[in-house]
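The next block holds one structure in the form of structure tokens; read it before the comments.
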2 protein chains.
Amino acid sequence: MQDNLSPIFAALADPTRRAIIGQLAKGEAHVGDIAKPFLKEMSLPAITKHLKVLESAGLITKTKDAQWRSCKINAKPLEEATHWMEQYREFWEESFDRLDEYLKSIQSKKKSKGKKHGKG
Amino acid sequence: MQDNLSPIFAALADPTRRAIIGQLAKGEAHVGDIAKPFLKEMSLPAITKHLKVLESAGLITKTKDAQWRSCKINAKPLEEATHWMEQYREFWEESFDRLDEYLKSIQSKKKSKGKKHGKG
DNA sequence: TGCATATATAACCAAATTGTTAATTAACCA
DNA sequence: TGGTTAATTAACAATTTGGTTATATATGCA
């Protein structure tokens with residue numbers, strides 16, 4: 001019911017992979033092109049692996065083009081991930097007009113705590 | 001310049017931790033309350049660890065309350081993560097009115113490819 | 001004081017992640 | 001046919017992750 005999200009978030013948890021997405025947002029690119037900015041920091045096989053993680057998460061698609069693999073961003077999974085987060089938007093907006101109400105609800109919870117935890 | 005995002009995405013990559021956030025969205029809760037739905041699947045120390053990951057990512061805050069630790073959602077990091085993803089919103093919306101233009105840009109890239117890769 | 005409750009920490013383990021280098025595959029080209 | 005280029009795969013090591021059980025800490029209470 002909700003777990004294709006894990007591989008998406010896991011893919012985004014790596015800064016190299018986020019940078020790759022940022023790069024692909026500017027247009028399709030081949031593995032070698034994608035790798036170029038990272039080759040001082042890591043090897044080509046490392047990039048191959050990162051691309052595989054992104055592909056498994058559905059964030060990119062690869063197409064064969066002679067001896068090159070052309071990589072294209074697929075943002076659909078980002079939409080799903082964003083959708084999951086949007087559920088909690090009210091919690092980062094509450095600090096404005098909803099703060100008062102929120103604090104009140106916290107207070108009423110605190111009041112009922114004595115009873116609530118007496119059962120153990 | 002941009003890496004507090006990794007621990008946030010990493011925290012969200014685990015379904016147990018996402019479920020905990022879902023639970024805390026309904027209100028503050030103590031560790032024991034949070035753990036209850038998971039105790040058939042894992043132990044209390046496992047939950048303690050998950051909470052620590054969430055806390056390190058800034059997604060929850062814990063306050064001491066006698067022998068209980070009250071956990072509260074803090075959605076600010078979700079806002080940051082969402083903000084990062086929003087950069088790519090056009091890519092999941094393009095499939096409507098922007099599709100045509102996009103396809104054209106792809107086509108022109110394809111045309112220039114022969115030259116582009118002749119340099120190696 | 002000392003027991004019960006709530007939670008955290010320690011020590012450990014298996015599996016996954018992230019990188020490496022070396023070898024392999026695949027396509028083009030002379 | 002063989003060499004060059006592009007990318008992947010294999011084998012390996014170090015680190016991190018996510019769980020375990022056993023122990024420790026902290027608080028409230030009889």
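We use all heavy atoms of the structure for the numbers below, so side chains are in, but hydrogens, waters and symmetry mates are not. Keep in mind that what you see is a predicted model, and the values were worked out from it rather than measured. A note on names: the letters A, B, ... follow the listed sequences, proteins ahead of strands, and every chain is numbered from 1.
Partners of A/Glu80 under the side-chain hydrogen bond (donor to acceptor under 3.5 Å, both in side chains) rule, at least two apart in sequence or in another chain, do not exist in this structure. Listed by chain and residue number, A/Pro45, A/Ala46 satisfy the side-chain contact (heavy atoms from CB on, under 4.5 Å) test with A/Ser43 (two or more places apart in sequence, or in another chain). Residues forming a side-chain contact (heavy atoms from CB on, under 4.5 Å) with A/Gln67 (at least two apart in sequence, or on another chain): none. With sequence neighbours excluded, the residues that form a side-chain contact (heavy atoms from CB on, under 4.5 Å) with A/Val31 are A/Leu44, A/Leu51, A/Arg69, A/Cys71.
Distance CZ (A/Phe9) to C1' (D/dG18): 19 Å, rounded to an integer number of Å. In this structure, A/Lys40 atom NZ and C/dT20 atom P are separated by 15 Å, rounded to whole Å. One interatomic measurement links the two molecules: CZ of B/Phe38 to C1' of D/dG19, which rounds to 15 Å at whole-angstrom precision. The CG-P distance, from B/Asp65 to C/dA8, rounds to 13 Å in whole Å. Look at NZ on B/Lys64: it is 11 Å from C1' on C/dA8, rounded to the nearest Å. Separating the CG atom of B/Leu39 from the P atom of C/dT7 is a distance of 11 Å, rounded to the nearest angstrom. For the pair B/Met42 CE and D/dT21 C1', the computed distance is 16 Å after rounding to whole Å.
Of the two residues near DNA chain C, A/Ala13 and A/Ala66, the one whose nearest nucleotide lies more 5' is A/Ala13.
A close approach under 4.0 Å does occur between a side-chain nitrogen or oxygen of B/His50 and OP1 or OP2 of D/dG19. Between A/Ser43 and the phosphate of C/dT20, there is a side-chain N or O to OP1/OP2 separation shorter than 4.0 Å.
Among residues at least two apart or in separate chains, salt bridge (Lys or Arg N to Asp or Glu O under 4.0 Å) pairs with a member in residues 50-63 of chain A are A/Glu55-A/Lys62.
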Please list each protein N or O that sits under 3.5 Å from an N or O in nucleotides 7-11 of chain D, with the distance.
| residue | atom | partner | partner atom | Å |
| --- | --- | --- | --- | --- |
| D/dA7 | OP1 | A/Val31 | N | 3.2 |
| D/dA7 | OP1 | A/Arg69 | N | 3.4 |
| D/dA7 | OP2 | A/Gly32 | N | 2.7 |
| D/dT8 | OP1 | A/Lys62 | NZ | 2.9 |
| D/dT8 | OP2 | A/Thr48 | OG1 | 3.0 |
| D/dT9 | OP2 | A/Lys52 | NZ | 2.5 |

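With a 4.5 Å cut-off on side-chain heavy atoms, B/Ser70 and B/Lys64 do not count as touching.
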